[in-house]
Amino acid sequence: TKMADQKRELLDKMVAERVEVQTKMADQKREFDKYIKMAWISIGKRHIGSVSSTTSGMQSYSYAAYVPPEAKEVLIYVAGYTGYNARSQSVEVTLETSEDGVRYTKYFYLYHYPQDAVAYNSENMFFPVTRDRCIYVWYPEGKPANNYVLDLYAIGYKQ
């Protein structure tokens, strides 16, 4: 009958619209999941250690207390301060994590001047989260001159 055909036609239209909405929702979820993988999650500024002109050798700094086990990358904020030095001199600091023989290395550069002034430098660096959940820091050219401090903070992570 005509009434039954209209009901069937209306029902078919509603099913088609529902499928279209579900498809759009699935597409939006995929886009959201992709965004979440790219975005990082802030944890505030959590101090994990300091390196200074009195520090020598390789140091390790754990971020385990601040970054959850499911994290894939950790975001480290490195803040450097240099003060007066008797001569101009650079300070290059190596920061690294490693896993299964693969090293993930980044560098941080500071410079001292023979003047009554201070300088600041900072950088945000992503590192892969490794089993030991530590960042290793050292000077590749030996211990540099005095009057500097490098503070390390865990500030976020990616899942």
Side-chain angles (χ1 to χ4, degrees), residues 1-53 55-82 90-111 118-141 144 148-159:
T1 67
K2 186 174 181 179
M3 177 78 84
D5 290 343
Q6 287 176 335
K7 283 183 180 180
R8 194 173 9 260
E9 188 178 307
L10 184 57
L11 184 59
D12 289 345
K13 184 177 178 184
M14 288 172 63
V15 168
E17 287 175 358
R18 181 175 180 204
V19 168
E20 184 180 341
V21 167
Q22 287 175 327
T23 301
K24 285 181 181 179
M25 288 175 64
D27 290 345
Q28 288 175 342
K29 183 178 181 334
R30 276 191 294 279
E31 286 298 312
F32 179 75
D33 289 346
K34 187 169 41 172
Y35 171 77
I36 289 298
K37 287 180 183 176
M38 292 179 356
W40 61 278
I41 298 164
S42 176
I43 58 172
K45 197 165 114 179
R46 310 294 182 177
H47 191 256
I48 60 172
S50 296
V51 178
S52 74
S53 50
T55 308
S56 60
M58 180 186 292
Q59 304 294 313
S60 67
Y61 301 98
S62 175
Y63 52 82
Y66 308 113
V67 176
E70 66 272 9
K72 302 290 184 230
E73 293 182 67
V74 60
L75 182 56
I76 301 296
Y77 169 57
V78 183
Y81 158 87
T82 59
S90 64
V91 178
E92 183 178 78
V93 182
T94 301
L95 299 99
E96 182 175 280
T97 61
S98 64
E99 187 91 306
D100 299 327
V102 179
R103 296 169 70 172
Y104 305 96
T105 307
K106 298 192 179 194
Y107 303 96
F108 190 79
Y109 188 79
L110 297 165
Y111 201 85
V118 295
Y120 296 93
N121 191 8
S122 66
E123 183 70 46
N124 293 333
M125 301 177 176
F126 273 107
F127 288 92
V129 171
T130 55
R131 280 187 290 277
D132 66 3
R133 303 169 69 75
C134 287
I135 299 292
Y136 296 89
V137 182
W138 73 93
Y139 318 105
E141 297 175 6
Y148 78 93
V149 174
L150 194 68
D151 284 312
L152 303 165
Y153 301 88
I155 64 169
Y157 63 92
K158 289 183 181 181
Q159 290 183 333

Other residues, nucleotides, ligands: >12 heavy atoms within 6.0 Å of Glu9 CD: no

Euclidean distance, [Y] [atom2] relative to [X] [atom1], rounded to 0.5 Å:
X	Y	atom1	atom2	value
Glu123	Tyr77	CD	OH	10.5 Å
Ser42	Leu75	OG	CG	8.5 Å
Glu96	Tyr107	CD	OH	7.5 Å
Thr94	Phe108	OG1	CZ	12.5 Å
Gln59	Ile135	CD	CD1	14.0 Å
Asp151	Tyr81	CG	OH	11.5 Å

Please find the pair of heavy atoms, one from [X] and one from [Y], that lie closest to each other, and give the distance.
X	Y	result
Ser60	Tyr136	CB-CE2, 3.3 Å
Val129	Tyr63	CA-OH, 3.4 Å
Ala79	Ser122	CA-CB, 4.1 Å
His47	Ser50	NE2-OG, 3.2 Å
Glu70	Gln159	OE2-NE2, 3.6 Å
Tyr61	Ile48	CD2-O, 3.3 Å

Any Leu152 side-chain heavy atom under 4.5 Å of Leu95 side chain: yes

Side chain proximity check, Gln6 to Leu10, heavy atoms < 4.5 angstrom: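 Of all side-chain heavy-atom pairs linking Leu10 with Gln6, none is under 4.5 Å.
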
Salt-bridge criterion met for Arg8 and Asp5 (N-O under 4.0 Å): yes

